[in-house]
Amino acid sequence: MKYLCLISFSVVFLLGGCVTMNDSNQLQDDQSEIEEVHDRYVNVTDYTGEGYDLPDGEATDPIATEKMTEIEKAVSTFFLEEYKTDVIVHNAVGNADGATVFVQSIGEPQFHTYAMIGIDVEKGDIKAENIWTETNQVEQAIFSGLLVMIMEEEFSELDTFISEIAATHPVVGLREEAINNVKATAYTTPYYFVQPLALRDEMEQITQLYFDNPNISADELRQHFNKESYDAEKLIISISFFMEENEPEPALFDNIVDSFKDVEGVPRANYTLSLHDNKINKQSASGDQNNSLEISDIIK
Amino acid sequence: MTTNVKQAINTTITTDQDLVELAGLHAYLEYGKDQVFEVNEKVYRVRDSYFNEDPTGLDAMTIQNMTSGEYHIVYMGTNVHGKYGTADIVTDVKLLTAPVPAQLEGAEHYFVKMEQKYGEITSVTGNSLGGALANMVGVRHEHVRSVTLNPALLPANAVETDREYENIVNYIGQYDILNLGVSSIGLGNQVPGARHTIYNGIPSTAGIGFNHTGYIREDGKHVSHVTVGTEGAPGYGVIKVDAHYHLVSSIWTGQPLYGGRSERIDLNVETIRLLSDGIETSVLDRLDWAQQYVNHSMEIITHESAVYDARLNQLREIYQESVENIVEDGLLRYIRFGNGMFKQVIQGLHMVVDVIEARCESLNFLLEYPPVALLKFITKKTIDLDAVFAEIRSYLRRLEDQLDEFIAAIDDIVMRKIEDIFKAGQERFHDVVVGELASHFNYVTTNYSNMFDQVKEFGTQVDQVAVAFETIDNRLASAISNQSAVGDVGKIQQTTAVEMIESPYLLNFMALKEQCLNIAMEQFKTGSSFIVLPIATSLKTTVSLIEWSGEQITSVIRTGTNIHLYGNPGNLILSTFTNYDENVKAKVNEILEPMDELNEMLRGVRTGLQKFLTNYPVVVDNLRPYIDSALFNDSGYYNIHIYNSAATSILKDMQLLFDDIVFQLSDHEAEAITVLHDVSSSVKTNMSILEEQIERAATW
């Protein structure tokens with residue numbers, strides 16, 4: 001038995017990386033913690049991004065909060081230098097060894113994205129020289145904003161459709177604060193976001209034009225992008241509605257889906273439509289639950 | 001030659017490398033549903049995001065390769081510090097028991113749910129606990145491929161030990177402590193499916209963490225390499241450690257080459273081009289890294305060679321200081337400067353003897369002239385100590401001479417024997433560890449450079465063959481339709497014969513230093529003891545002789561001054577005698593006082609010398625770590641081992657790749673391909689010779 005305990009501890013240590021005895025002592029309490037899982041949901045109408053959590057962020061999160069002013073300065077300088085874009089830094093959430101910083105572009109192209117900044121936990125300080133972004137994530141975000149400029153009319157049709165749904169159905173979207181604080185999904189509105197990374201060639205060409213001239217006009221961009229010929233399957237637009245109250249109703253969802261299928265003039269894209277109840281997981285900022293209704297791969 | 005491609009080359013499908021990277025890196029980024037991200041230039045869409053939802057601690061996402069359409073589930077490993085991380089820990093512990101823990105059941109439920117929603121899932125993946133979750137699915141669903149990186153074991157009830165599990169592939173880092181541990185406690189069969197060792201990571205305790213996860217995150221950022229050495233110091237550099245970088249796959253199909261070669265492809269212009277591109281991008285790039293590792297080792301060796309004098313002098317200093325400190329009261333202090341404490345002590349002895357002698361003379365004077373009233377009653381004569389003092393002085397001079405010899409002996413050890421340490425009993429090098437390594441690396445670097453050129457040349461030849469085949473094909477087509485001549489094709493690079501030169505060095509591998517250290521220690525201990533201990537013994541003997549002479553003086557004085565009266569001197573005389581007797585006694589005491597001092601000093605010197613004799617071998621033993629470091633700087637030596645382990649890993653990878661290349665180029669009718677086959681075969685052989693040579697500087 002002693003032998004098994006020893007092995008157990010070693011294996012747990014290896015799997016967990018750095019398990020303190022304290023953690024092991026807490027094993028007894030796991031039942032109560034599991035109960036808490038069900039407390040992760042809050043009303044989307046109240047949700048502003050509080051409680052958002054990333055793996056291994058316990059040590060870095062308080063430092064990120066404390067050093068917010070420095071993070072803001074470092075990250076906005078980084079975006080201006082690397083991506084020629086002015087951004088507002090909305091939030092910084094601790095992750096393993098650093099913080100994920102949520103930013104929003106100022107003016108056009110409009111988008112939300114994120115960068116990571118290093119944190120020295122021992123010194124309780126940020127590492128301003130150590131900022132990085134996930135491969136092509138910011139490029140995707142810029143491209144999404146540029147696409148919205150290029151397809152102004154089409155996105156306006158989409159917005160109109162969504163406003164009508166929101167006006168005629170008991171549904172709501174995310175609050176602006178939640179988007180700013182915890183969403184990094186490129187062009188993002190309370191109801192949808194746009195992910196065009198799979199349009200690789202187009203992305204490279206259009207973002208390059210932007211980097212060459214950050215003040216480039218929508219008209220000029222249009223000369224380089226054929227909105228009739230791109231592969232619609234590769235432009236992901238994900239639309240989510242939350243019920244004002246009650247469970248998601250299949251009839252109501254069908255109604256929304258049917259209306260959407262009928263709508264014309266929206267961007268040619270690969271759409272996902274979801275309908276959730278009024279709850280959102282505050283840790284992951286996701287509305288997906290077992291009762292969520294969803295239809296994906298609607299190609300317009 | 002045939003021109004049919006038997007197997008479609010699909011560069012869009014998700015490879016094992018991609019899955020390993022997804023498991024080790026992207027699983028922890030918690031992407032949301034419909035987010036699109038990139039791995040190795042392939043674009044993935046998150047179809048389902050299941051983080052922070054499950055009470056069992058299960059975290060996973062379902063992603064779709066947007067080009068190939070494949071679906072994959074990526075399971076996250078232990079997230080201890082997450083809010084619900086304790087559920088992960090509970091699961092980790094339960095893996096060692098028989099029943100299947102809830103999180104593993106949850107992983108399967110999730111998989112079933114996703115298949116219901118999206119159709120067939122092509123593969124599941126995960127690292128560590130995530131690997132166990134993926135394998136749980138693989139065990140229960142044969143149609144899905146489970147690809148893991150350093151997986152945790154499954155609980156006993158989950159695995160049938162006699163089943164093959166052909167759908168499961170586990171990539172295990174050569175230095176992954178978890179799997180080394182699991183195997184060592186006999187639980188290896190609880191990791192189902194094939195287990196392939198991949199040569200990533202570094203053999204260092206600093207690497208325990210990232211050797212297991214397969215990736216390094218520094219400040220939250222993924223860095224593909226580990227840094228070795230100190231910036232600005234020789235041998236400073238980086239080693240690539242990403243797990244997927246070391247997952248060798250076919251140049252043609254992208255399929256991993258573990259446990260078998262790629263499916264035989266037909267060679268045509270396109271496939272030959274793929275080979276030439278692969279040589280350029282996959283092979284030469286990696287060989288270039290390995291070359292850098294070898295160069296860093298060489299930098300360290302060159303540096304050690306350049307600082308030979310410094311190492312030598314430092315060792316001399318350390319030896320001298322150790323010798324001086326053997327006797328705590330400082331007898332040997334500053335002995336290296338010729339006029340140290342010992343010499344001063346001898347001078348002190350001289351002075352004390354002078355004092356004693358003077359006082360003896362004074363005593364003699366007293367004895368020679370007793371009060372007149374007593375003359376006829378006393379027969380006492382003067383004490384004769386001249387011979388004894390002459391003896392003492394002669395011994396003191398002998399002591400001085402012997403001390404000079406002793407100093408010379410220490411100096412001889414410092415100058416000559418310490419230099420011999422670096423030779424460790426051989427005649428080839430004045431600095432054997434550095435010399436042997438440097439000589440070996442001269443072979444390695446020359447061979448490496450030749451092998452590198454050979455691979456480059458092979459790449460050029462492959463490229464030129466592709467061009468020639470295409471030209472001929474076009475010209476033939478054109479000749480057939482226009483009845484024109486076929487004409488010449490461009491020149492093809494001639495094959496240069498490349499032969500690896502055998503290195504006669506480092507045959508004892510990196511044990512070299514340890515062995516040299518043992519030899520050097522033994523020789524130095526015996527050699528220096530032989531020089532210094534006899535002289536120290538003589539010194540001690542001389543001191544004893546002086547002590548004995550001292551005793552003689554005391555004894556002579558005591559017996560000589562034991563004055564008795566005879567006859568009847570009467571009361572008057574008695575009082576005169578008493579006064580006289582007291583005067584003699586006072587004089588004797590005046591002599592005995594410095595005598596005590598002399599004895600004290602001599603005892604001190606003798607004890608000190610005895611300490612030297614007893615402790616000298618211990619002191620030499622204690623020099624071991626200093627000698628070890630002087631033979632070759634410890635961290636530099638260790639870094640050579642690490643760099644060469646990394647270079648060996650790359651050569652192992654490249655041989656696996658070339659094994660497939662040789663196989664694909666074998667048994668073809670076309671002569672050109674036969675030539676390429678021979679060259680590739682020679683490259684592979686040369687790589688294995690080099691691997692062996694480099695491994696000599698990697699095997700601890």
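Naming: A, B, ... by sequence-line order, numbering from 1 per chain. No hydrogens, no waters, no symmetry mates; every other heavy atom, side chains included, goes into these values.
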*Which atom pair, heavy atoms only, marks the closest approach of A/Q195 to B/D34?*
CG-O, 3.3 Å
*Could you pull out the closest heavy-atom pair between B/K33 and A/F193, with the gap in Å?*
O-CZ, 3.1 Å
_Reported OG-to-CZ distance for the pair A/S238 and B/R45, which is rounded to 0.5 angstrom_ = 7.5 Å
*Look at the side chain of A/Q137 and the backbone N and O of B/V36, then say whether any donor-acceptor pair between them is shorter than 3.5 Å.*
yes
_Top of B/V39, B/V43, B/D48 for chain A proximity - count of heavy-atom pairs under 4.5 angstrom_ = B/V43
*asked:* Are the side chains of B/M66 and A/E233 in contact, using a 4.5 Å heavy-atom criterion?
replied: no
_Checking side chain to side chain contact (heavy atoms under 4.5 Å, CB included) between B/E38 and each of A/Q140, A/E139, A/R200, which is the one that passes?_
A/R200
*What part of A/N281 is in contact with chain B, defined as an atom under 4.5 angstrom from a non-hydrogen atom: side chain, backbone, both or neither?*
side chain
_Could you go through B/N52 and A/S284, starting from their C-alpha distance and side-chain angles, then the distance that decides it, and tell me whether this counts as side-chain hydrogen bond (donor to acceptor under 3.5 Å, both in side chains)?_
CA-CA 7 Å; B/N52 299 302; A/S284 59; 4.9 Å; no
*Heavy-atom distance under 4.5 Å to chain B: side chain of A/Y192, backbone, both or neither?*
neither
*How long is the gap from CG on B/L29 to CG on A/N95, to the nearest 0.5 Å?*
8.5 Å
*Heavy-atom distances under 4.5 Å only: say whether B/Y118 touches chain A with side chain, backbone, both or neither.*
side chain
*Between OG1 on residue A/T135 and CZ on residue B/F37, distance to nearest 0.5 Å*: 11.0 Å
*Quick one: are A/N136 and B/E41 in side-chain contact, heavy atoms under 4.5 Å?*
no
*How long is the span from the OH atom in A/Y52 to the CD atom in B/E30, to the nearest 0.5 Å?*
6.5 Å
*asked:* I need the A/I236 CD1 to B/Q35 CD distance, nearest 0.5 Å.
replied: 12.0 Å
*Is it the side chain or the backbone of B/Y50 that comes within 4.5 Å of chain A heavy atoms, both, or neither?*
neither
*Are B/K117 and A/E294 within salt-bridge range, i.e. N to O under 4.0 Å?*
yes
*chain B heavy atoms under 4.5 Å from A/N290: which part of the residue, side chain, backbone, both or neither?*
side chain
